[in-house]
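Written below as structure tokens is the structure these notes are about.
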Amino acid sequence: IIFSLIFTENKEKSREELNEVMISQGKTNLKTLLKEKGITSALADYILESLIIPKGSRCLDLNKNTRKALISLLLGFPMEVSRKGNFSSAMVTAGGVSMGEINRHTMESRIMPGLFFAGEVMDIDGNTGGYNIHGAFATALLAEKAMIPI
């Protein structure tokens, strides 16, 4: 599985933007930059270590090829599923915004118009096996259609 670690709608545009940021913010510590992009500290350490980038490196310390490799990894992080867990390791988030406070057709808050909800931020949960991820995608689609009418 190839997974983007940074939200992007257009990988090539994001690639260019990341490259520009790394060049323009040369004195910024790479780990700090990765944290600003939403990468956890432990994952940032792993990424930098896997590319043999010394701890404490700044953006300006990267040559063009290493910078390209880092950006490629951020936008196309390979993951391999080695095994699936058993029932005792299954988990679900319970609790969240009450469904009584949400318009079920648009996912908009009944209390604060213009605020939309999707996925496990709502007080819904189901059996493991894809039900929660399906619920997240389905409610996100409803919210998107309500926010951006076609």
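The first residue of the sequence shown is numbered 1, and numbering continues consecutively from there.
- What you find for L34 and A44 is that their closest heavy atoms are CD1-CB, 3.9 Å.
- Within the structure, salt bridge (Lys or Arg N to Asp or Glu O under 4.0 Å) contacts touching residues 134-144 (residues at least two apart or in different chains) do not occur.
- Taking a 6.0 Å sphere around CD1 of I52, one finds it holds 12 or fewer heavy atoms contributed by other residues, nucleotides or ligands.
- Pairing each heavy atom of N103 with each of H105, the nearest pair is OD1-N, 2.7 Å.
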Distance-only check: which donor-acceptor pairs under 3.5 Å involve side-chain atoms of residues 107-119, not counting sequence neighbours?
{"from": "E108", "atom 1": "OE2", "to": "G114", "atom 2": "N", "distance (Å)": "2.6"}
{"from": "S109", "atom 1": "OG", "to": "I111", "atom 2": "N", "distance (Å)": "3.0"}
{"from": "S109", "atom 1": "OG", "to": "M112", "atom 2": "N", "distance (Å)": "2.8"}
{"from": "R110", "atom 1": "NE", "to": "G100", "atom 2": "O", "distance (Å)": "3.4"}
{"from": "R110", "atom 1": "NE", "to": "I102", "atom 2": "O", "distance (Å)": "3.4"}
{"from": "R110", "atom 1": "NH2", "to": "I102", "atom 2": "O", "distance (Å)": "3.4"}

Q | Step-by-step side-chain contact (heavy atoms from CB on, under 4.5 Å) determination, S57 to N29 | A | CA-CA 6 Å; S57 292; N29 181 291; over 6 Å; no

Which pairs of donor and acceptor atoms, one on a side chain in residues 65-77, lie under 3.5 Å apart (sequence neighbours left out)?
{"from": "T66", "atom 1": "OG1", "to": "N63", "atom 2": "OD1", "distance (Å)": "3.0"}
{"from": "R67", "atom 1": "NE", "to": "N19", "atom 2": "OD1", "distance (Å)": "2.6"}
{"from": "S72", "atom 1": "OG", "to": "R15", "atom 2": "NH1", "distance (Å)": "3.2"}
{"from": "S72", "atom 1": "OG", "to": "K68", "atom 2": "O", "distance (Å)": "3.0"}

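- The hydrophobic cluster around L141 extends to none of the other residues, as no ILVMFWY side-chain heavy atom falls under 4.5 Å of it.
- Hydrophobic clustering, with ILVMFWY side chains joined whenever heavy atoms are under 4.5 angstrom apart, keeps F137 apart from F3.
- Atoms CD1 and CD1, from I47 and I39 in turn, are 5.0 Å apart once rounded to the nearest 0.5 Å.
- Between the CG atom in L142 and the CZ atom in R104 there is a gap of 11.5 Å [rounded to 0.5 Å].
- A continuous path of hydrophobic side-chain contacts links L33 to Y46 [ILVMFWY only; heavy atoms under 4.5 Å].
- With rounding to the nearest 0.5 Å, the separation of CD in Q25 from CZ in R58 is 13.5 Å.
- Summarising the geometry, atom CE belonging to M122 is positioned 5.0 Å from atom CE belonging to M99; distances are rounded to the nearest 0.5 Å.
- Every pair passing salt bridge (Lys or Arg N to Asp or Glu O under 4.0 Å) that includes a residue from residues 30-48 is listed here, sequence neighbours excluded: K31-D45.
- Hydrophobic clustering (side-chain heavy atoms under 4.5 Å, transitive across Ile, Leu, Val, Met, Phe, Trp, Tyr) groups L43 together with M79.
- S4 pairs by the side-chain hydrogen bond (donor to acceptor under 3.5 Å, both in side chains) definition with nothing, not counting sequence neighbours.
- Heavy-atom minimum distance, T8 versus N10: OG1-O, 3.0 Å.
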